[in-house]
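Questions regarding the structure given below will be posed in turn.
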Number of protein chains: 2
Amino acid sequence: MTVRVLLADDEHLIRGALAALLGLEDDLVVVAEAATGPEALAMARAHRPDVAVLDLEMPGADGVKVATALRGELPACRVMIVTGHGRPGHLKRALSAGVRGFVPKTVSAQRLAEIIRTVHAGNRYVDPELAADAIAAGDSPLTAREAEVLEFAADGAPVAEIAERAALSQGTVRNYLSSAVSKLGAENRHSAVRLARERGWV
Amino acid sequence: MTVRVLLADDEHLIRGALAALLGLEDDLVVVAEAATGPEALAMARAHRPDVAVLDLEMPGADGVKVATALRGELPACRVMIVTGHGRPGHLKRALSAGVRGFVPKTVSAQRLAEIIRTVHAGNRYVDPELAADAIAAGDSPLTAREAEVLEFAADGAPVAEIAERAALSQGTVRNYLSSAVSKLGAENRHSAVRLARERGWV
DNA sequence: CGGACCGCATGACAAATGTCAGAGCGGGGC
DNA sequence: GCCCCGCTCTGACATTTGTCATGCGGTCCG
């Protein structure tokens, strides 16, 4: 019995190399490749793979978004995510999007092939180190508004602009930022943004 | 005649896959692999490859640093850099470090093999799109100190801390930041940091 | 029903940051 | 030798920010 695999990664070098290596396994066959989020979705619809292996960072729509869409459209298709730099929050988001496997790109191709089989068999697999990080990072202490405001603050915009984009008063924005900063133990909102990013909370 | 290649990339998945694919070309042989900057250097010393293919982002020492060291120690070894997200400034730094090839990871393995041959033959190769970006971005308008201070400011540290780390007075730090901000056309130092990062100027 | 509590908002105040003018020093080019 | 430029600093000022006390409208629960 062979497993039909969809491969999505914007780095051609990796995608191609991976396709070649996975193709060597005689129980795996790569039926489609994609370089962007939307392309991955289209390919999945067209080829109905058993397992979709998605890169987390892709142009168009990230791996988690694609996973969410796939869950609705092709419930039989197991989704797993491969990522370069796994942030704890991403893992959480991925799991709640129904992703069955989550591995860093530091694993070997053999290992990846095994994990594809594991996932195809209906089991889950999460890289132990990433799982530990996620547990250590815990849940986001931020309220929805705080996270939203922090996101608007991400590119260094001044408070006035954040307030406008969030349709809040400037004072309110500063309060949210202030409480976010203290919850995260940061020195100011910019390092707060950085911290929240690292933990995957924004 | 075969080309002896050193492969350095911290993502095992990619490195392994690449090694396998390049190994298929009968004029290329991968003689060593490394996952970190220092390891790449050690491997190069031990195996004296004809061409070193380095990832730009690696733990320990980035590709450009390794290239600089290699240039001194093994002048006969041609160095090329492969990167996921090529920032204009990186290309510039790489070229002045004596790198002969600079390609994004979006190329195919075939293409990479060709480029390895090109580089081995003594020619240079730079991805056209990255080259265009680099030309468009131009030279950094920042003075050495401005860039240094901007780097210290990168993680959102307050002025006092930057001043201490740079061994400057706070007023001076603010002046440098101010001039960097105006040179970059940013709204504040945080977006200045972001801009300088994007252009590869820090 | 009434109180406790939470998210959200406001305004006032304190601290940090951005901006500007000026000034001494040293190196490199003409 | 002289001038220009970059480096460093100072002091003063406007603006932006962070912090806090407080108020208002909900929901949950006894």
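By convention in this document, chain letters (A, B, ...) are assigned in the order of the sequence lines, proteins followed by strands, and residues within each chain are numbered from 1.
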Distances under 3.5 Å between protein N/O atoms and the N/O atoms of nucleotides 22-24 of chain D, please, pair by pair.
none

Taking ring-ring contact (aromatic ring centres under 6.0 Å, His included) as the cut-off, I'd like each qualifying pair that reaches into residues 56-81 of chain A, sequence neighbours left out, listed once.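 Pairs touching residues 56-81 of chain A that pass the test: none.
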Among residues at least two apart in sequence or on other chains, which ones pass side-chain contact (heavy atoms from CB on, under 4.5 Å) with S96(A)?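 S96(A) satisfies side-chain contact (heavy atoms from CB on, under 4.5 Å) with no other residue.
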For nucleotides 25-28 of chain D, give me every protein contact, N/O to N/O, under 3.5 Å, one pair per line with atom names.
none

Without swapping roles, check the side chain of N175(A) against the backbone of S178(A) for a donor-acceptor pair under 3.5 Å.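 The answer is no, because no donor-acceptor pair under 3.5 Å joins these two groups.
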May I ask you to list the residues of residues 164-179 of chain A, by number, that have any heavy atom positioned under 4.0 Å from an atom of DNA chain C?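 Under 4.0 Å from DNA chain C: L168(A), S169(A), G171(A), T172(A), N175(A), Y176(A).
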For DNA chain C, what residues of residues 180-198 of chain B have any heavy atom nearer than 4.0 Å?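 By residue number: N188(B), R189(B).
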One thing to verify: whether R87(B) and E198(B) come together as a salt bridge, which I'm taking to mean a side-chain N less than 4.0 angstrom from a carboxylate O.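 Salt bridge between E198(B) and R87(B), a charged N being under 4.0 Å from a carboxylate O: no.
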Mind checking which nucleotides bracket the chain B contacts on DNA chain C, 5' to 3', with an atom under 4.0 Å from a heavy atom?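 Extent of the interface on DNA chain C: dT17(C) to dA21(C).
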Contacts of H190(A) that satisfy ring pair (Phe, Tyr, Trp, His ring centres under 6.0 Å) - sequence neighbours left out: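 Ring pair (Phe, Tyr, Trp, His ring centres under 6.0 Å) list for H190(A), sorted by chain: H190(B).
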List for me each residue that meets side-chain contact (heavy atoms from CB on, under 4.5 Å) alongside T83(A), sequence neighbours excluded, and say none if there are none.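 For T83(A), the residues satisfying side-chain contact (heavy atoms from CB on, under 4.5 Å) (neighbours in sequence not counted) are L56(A), E57(A), F102(A).
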Is D50(B) paired with R78(B) through a side-chain N to carboxylate O contact shorter than 4.0 Å?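 Salt bridge flag = no for D50(B) with R78(B).
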Taking C-beta and beyond as the side chain, do E187(B) and E161(A) meet within less than 4.5 Å on heavy atoms?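 Counting from C-beta outward, E187(B) and E161(A) do come under 4.5 Å.
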Presence of salt bridge, R111(A) and E114(A), under 4.0 angstrom: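 Answer for the salt bridge query: yes.
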Main chain of G122(B), side chain of R100(B): is a donor-acceptor contact present, judged purely on distance under 3.5 Å?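 At least one qualifying donor-acceptor pair exists.
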Just to verify, what does R45(A) make a side-chain contact (heavy atoms from CB on, under 4.5 Å) with, not counting sequence neighbours?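 With sequence neighbours excluded, R45(A) shows a side-chain contact (heavy atoms from CB on, under 4.5 Å) to L41(A), E73(A), given in chain and number order.
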Atom pair NE2/CD1 of H120(B) and I115(B) - distance to nearest 0.5 Å: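 The NE2 atom of H120(B) sits 15.5 Å away from the CD1 atom of I115(B).
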Salt bridge R165(A)-D155(A), side-chain N to carboxylate O under 4.0 Å: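 Here R165(A) pairs with D155(A) in a salt bridge, since their nearest N and O are under 4.0 Å apart.
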Global bending angle along the helix from dC1(C)-dG30(D) to dC30(C)-dG1(D), which compares the axes of five pairs at either end, to 10 degrees: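 End axes: 30° apart.
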Under 3.5 Å, which donor-acceptor pairs link side chains of residues 7-14 of chain A to any protein atom two or more places apart or in another chain?
| unit_1 | atom_1 | unit_2 | atom_2 | d |
| --- | --- | --- | --- | --- |
| D9(A) | OD1 | E11(A) | N | 2.8 |
| D9(A) | OD2 | K105(A) | NZ | 3.3 |

Counting C-beta onward and ignoring hydrogens, is there a side-chain heavy-atom pair between I116(A) and L22(A) closer than 4.5 Å?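 Heavy-atom side-chain distance check passes, below 4.5 Å.
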Answer with yes or no whether the side chains of S182(B) and S179(B) bring together a donor and an acceptor at under 3.5 Å.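 Side chains of S179(B) and S182(B): no pair found under 3.5 Å.
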Test item: V66(B) and D62(B) side chains (from C-beta on) under 4.5 Å apart, heavy atoms: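 No, every pair of side-chain atoms sits at 4.5 Å or beyond.
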